[in-house]
Amino acid sequence: MDLDLVLITGMSGSGKSVALHALEDAGYYCVDNLPPELLTPFIALQHEQQATRVAIAMDVRSGVSLPIVPQQLDALRQDGVSLRSLFLDATTDALLRRYSETRRRHPLSRQEGRTDAPEQERALVQAIELERELLADLRDGADVIDTSLIRPAQLQSYIKALISAPQSPLTLVFESFAFKRGVPLDADFVFDVRMLPNPHYVATLRPLTGRDAPVVEWLREHDDVARMYDDIEQFLSRWLDALARDHRSYVTVAIGCTGGQHRSVFLVEQLARAFGTRWGALKRHRELDAV
């Protein structure tokens, strides 16, 4: 019986517990903070029990044994395990804010006895940067989700969309965003479309989005929009086969405009529809989904 395994890793405070709960809701048997030394025997036990869906969370709490995980994952794939690796990330500023709000201690923090707030923050920043270094190998090859600006409900939705996507040699994630709120950390490719005609300056279109028919029709009337679509489509078409041959499972294509409401949304919708005929294609609208 085939085993569907999802590995959740990422930065402390980035939402791994939320992601694990989403997978549990989707019918996965979930284990948090499994020591890497137990991964192989645990999977063997799941095979014996004929389990079909398992999710495991691992992070920096695993300590010195963390470097063995990439080799273990390669071995599991060679054994025929259907494995998806998800890495949750967030900006340092976002993580600092979350730790400040929850007053929880970072697993790598060494600030016991310190009462000076600036000194505590410097220590926390050092812990976060050290964690990034320790998790770098796990981040490579995983599908990265930037949780800096998304709510827990959005993250749950993204996780469920990823695990329900049709099996494909390569899954494309098209993501719209607003430059004024920052570039997503999970982007493999970023396209800036702020130079395109902007529906925001048309009073009747301003309250609408790039998914609404009047905005779609208006954007399709502009040659620059068509040229931008063609350039992105040709670039991706030229390189996706090479990315698939390089054993990439996920590629995130981020398209940004000023407000993340019209132009980027329109292009994400059109590109996902076009590439979905050949590859697995998912859509995310960071700003619209936050409403």
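All heavy atoms count here, side chains included; hydrogens, waters and symmetry mates do not. No experiment lies behind these values; they were computed from the predicted model shown.
We find that Arg77 and Asp74 are joined by a salt bridge, their nearest charged nitrogen and carboxylate oxygen being less than 4.0 Å apart. Salt-bridge formation is detected for the pair Arg284/Asp186: a Lys NZ or Arg NE/NH1/NH2 atom is positioned less than 4.0 Å from an Asp or Glu carboxylate oxygen. Taking a cutoff of 4.0 Å between a charged side-chain nitrogen and a carboxylate oxygen, Glu175 and Arg286 do not qualify as a salt bridge. No salt bridge links Asp32 with Lys16; every basic N to acidic carboxylate O contact stays at or beyond 4.0 Å. A salt bridge between Asp241 and Arg278 is present, with a side-chain N of the basic residue lying under 4.0 Å from a carboxylate O of the acidic one.
Side-chain atoms of Glu37 and Ser65 include a donor-acceptor pair closer than 3.5 Å. Judged by distance alone, the side chains of Ser14 and Arg98 never bring a donor and an acceptor atom under 3.5 Å apart. Side chain to side chain, Ser12 and Glu131 meet the donor-acceptor criterion of an N or O pair below 3.5 Å. In this structure, a donor-acceptor pair under 3.5 Å is present between the side chains of Ser148 and Asp146. Defined by atom type and a distance below 3.5 Å, a donor-acceptor pair is missing between the side-chain atoms of His285 and Gln261.
For the pair Arg53 and Tyr29, the cation does not sit on the ring face, since its NZ or CZ is not both under 6.0 Å from the ring centre and inside 45° of the axis. The side-chain tip of Arg211 does not point at the ring of Phe266 from less than 6.0 angstrom away and within 45° of straight on.
Using cut-offs of 30° and 60° on the angle between ring planes, the pair Phe189 and Phe235 is perpendicular.
Partners of Arg84 under the salt bridge (Lys or Arg N to Asp or Glu O under 4.0 Å) rule, at least two apart in sequence or in another chain, are Asp4. In this structure His200 satisfies the ring-ring contact (aromatic ring centres under 6.0 Å, His included) test with no other residue, sequence neighbours excluded.
A single hydrophobic cluster is not seen to contain both Leu185 and Leu135; linkage of ILVMFWY side chains at heavy-atom distances under 4.5 Å, directly or through other members, places them apart.
Between the side chain of Thr147 and the main chain of Asp89, a donor-acceptor pair closer than 3.5 Å is present. No donor-acceptor distance shorter than 3.5 angstrom exists from the side chain of Gln234 to the backbone of Asp231, with no hydrogens or angles considered.
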